[in-house]
Structure formats: structure tokens, C-alpha cells
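Numbering of ligands and ligand atoms starts at 1, following listing order. Keep in mind that the numbers below use all heavy atoms, side chains included, and drop hydrogens, waters and symmetry copies.
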Amino acid sequence: MNTLQQCTPARLHHLQIVSERPETMVEFYQRMLDLRIVEMRADSTVLAGPARAMIIRRSGGGSEPHYGYAMTDASALEALKQQLSGHDLSYEMINDPLFASGAIVITDPQGRRLAFGVPVQSDDYTGPPARLQHTVFQTTDLDNVVRFYVEKVGFTISDEVIDADGTIMVVFMRSDGEHHTLAFFRGSSNEWDHHCYETSEWNDIRDWGDRFAAAEVPIFFGPGRHGPGNNLFFMVTDPDGNRLEFSAELERVPADKPPGVWPQSERTLNSWGRAWIRS
Ligand SMILES: [Fe+2]
């Protein structure tokens, strides 16, 4: 298997989210994440900032979320297309304002859409460090979804969390040298779990915490340290209830490292204390 990490590394670059009140969401991400409006469209607003970007679309009219993964260059994107075709995985072309022409989108067995492309040249943005780094979902069909991302797309399993019966409950997957760029929790629904911004160090976590405190946005999970990935973290929510994570010290994983196995427990998800156990 030619993995993304080994052959065509991909990193999370931007999100396309859908909202019933996009103006409120745009204001929040401008104010809290230092994103700037780079394009206003009839049904969407394109925002970008230092190592993070987002398209916020008004719900309705066929709006769908997608998650944009950046390839290093056009030849890597072409190699990925050939790799996907070789695995009988069809893709569609996508017109994404944050990617150069030639970007593609794939759809997983439950309808989630991942786009792959080469980012358009961006301005020099300033703001505190928070690089968009991973996205996570809850799924009712964990085994099938993970098989799709590993066998068809080329993600590599970094760690699994199993319950007392040996059932796999969480799978962390990587597409480059970082512990996870995509993860799935077994759950009773198919909701978006969270997205994460990787900072430079613990003091950045402090500063982001202070920023949300000043805006009276309370932390709902953390601070703590995850077992899998070993990263420091806390989480807050945006006006739509989407969960944002701020992280530091995320583990880097060599391509040949076999998957780790962790027990399903509060200490696995937060070695510092209480954990948010999905159900
Ligand atoms: Fe996370």
C-alpha cells in the first residue's frame, strides 16, 4: 500500500462549513481566529488567516460541507489521482476558491466529502499561531469508514482505542508525519465532532484560553493532555455549537510505526482528568 504519508503527504488546509446564520459565524471567526474576508460570494464567504482558512456557506440550495486537504504541489495531486483511480475510487473535480484549478473531491461511504488540492498563493497574514491541523467525526459505521480511508484513500492508522469487549471505539489516522489529520469516534450519530488548530507551545494554549475568556467563550473540555497523540489541548464552541480544539505538542509519527492500542478510559482521552466520552 502506498500511503499518503509515504507518497503524497496531505495536510488539512481549510474547512467548508454550512450555517443557518453565516453572518454570525463570519463575525466570530474574524474576531476570535483573526480570519480576514478574502472573497464574498452570493452564498458563501471565504476567510483566510495565518495557516488557517474557511469557507462559510449559507445552508440550503445544495450547500454541503467539505474538508480541504493540501497537497505539496500539482505533481503530488496528480499522483494522488492516479493512486485513487488505482483503488477504484472515483473522484470529482471541485471548484474551491482556496485551491488552484485541478482540485478534486471524494465522498466517503456516509457522504462526508474530502477535497484535495494545491492551495492558491495566500497573503502574509498575521496573528497568533494556530495552524488548522485535523478534523474529527462521530460515526455509526466506524469499521467501514476506516476501511475506506485506509484502503481506498491511503490514510495510516496511528492509534486505536478499544473498549473492554475489544470493540474499536476511536481510530486516529494520519496523512503526513503528524499523529492524526483525521479521526473517527464510534457514536450513535454521524455528527462533526471537532476541528483542531495546532499551536507552537503551551504558552500559546494559555494565550488562546485568555482570548476566549475575554470574549466570555467558556472552555467545555480541557485543558488536558490526550493519550493518543500526546497533545495538550482545550476545546471551545463557535456560535453554531461546532467544537474548536487548540493543541500543542502533537506527536510526530514515522511512516513505519505500527498502530498503537489504548483502552477506552477517561485517562486515555485526557490523562490530566475528566474526559468527554462520546456515546
Ligand atoms: Fe482533536
Side-chain angles (χ1 to χ4, degrees), residues 5 10-15 17 29 32-33 51-54 65 67-69 108 112 114 129-139 142 145-146 149 155-161 168-187 189-202 204-206 208-209 212 217-238 240-253 259-262 264-279:
Q5 182 182 12
R11 59 181 175 83
L12 185 60
H13 176 265
H14 65 268
L15 311 170
I17 64 177
Y29 281 95
M32 297 310 303
L33 274 294
R52 46 192 183 264
M54 178 175 282
Y67 309 88
Y69 283 76
D108 83 11
R112 294 175 204 86
L114 263 59
R131 171 175 52 86
L132 184 63
Q133 195 278 325
H134 69 251
T135 186
V136 176
F137 301 89
Q138 296 174 28
T139 175
L142 182 66
V145 165
V146 169
Y149 282 107
F155 280 83
T156 304
I157 296 174
S158 292
D159 277 314
E160 296 173 326
V161 177
I168 298 171
M169 302 302 290
V170 193
V171 180
F172 297 90
M173 293 180 285
R174 64 185 184 274
S175 55
D176 61 10
E178 294 191 302
H179 179 271
H180 57 286
T181 51
L182 177 66
F184 286 90
F185 282 73
R186 187 184 298 278
S189 64
N190 292 296
E191 65 179 81
W192 190 27
D193 194 272
H194 69 270
H195 69 283
C196 182
Y197 300 91
E198 183 72 9
T199 67
S200 302
E201 56 158 328
W202 169 248
D204 296 330
I205 301 280
R206 175 200 64 191
W208 281 105
F212 284 104
V217 177
I219 287 176
F220 91 93
F221 180 26
R225 187 186 287 279
H226 295 309
N230 195 43
N231 48 327
L232 301 158
F233 74 95
F234 74 84
M235 289 190 190
V236 293
T237 56
D238 72 16
D240 277 359
N242 303 310
R243 304 169 192 100
L244 294 71
E245 177 177 36
F246 291 82
S247 163
E249 301 184 7
L250 181 65
E251 180 184 353
R252 294 193 63 83
V253 182
V261 179
W262 298 73
Q264 168 89 329
S265 70
E266 287 198 305
R267 274 186 53 77
T268 289
L269 297 181
N270 182 8
S271 61
W272 286 8
R274 293 277 173 248
W276 168 37
I277 304 284
R278 284 75 164 177
S279 58

Any Lys/Arg nitrogen of Glu191 or Arg278 sitting under 4.0 Å from an Asp/Glu carboxylate oxygen of the other?
->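 No, this pair does not count.
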For [X], ring pair (Phe, Tyr, Trp, His ring centres under 6.0 Å) partners two or more places apart:
X	answer
Phe221	Phe233
His134	His180, His194
Trp262	none

Criterion ring pair (Phe, Tyr, Trp, His ring centres under 6.0 Å) against Phe234, the qualifying member of Trp276, Phe246, Trp272 =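 Running ring pair (Phe, Tyr, Trp, His ring centres under 6.0 Å) over Trp276, Phe246, Trp272 with Phe234 returns exactly one hit, Phe246.
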Check the Fe ion (ligand 1) and write out every protein N, O or S atom at under 2.8 Å, as residue and atom.
-> His134 NE2, His194 NE2, Glu245 OE1
Ring centres of Tyr67 and Phe137 under 6.0 Å apart?
->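 They qualify: ring centres under 6.0 Å apart.
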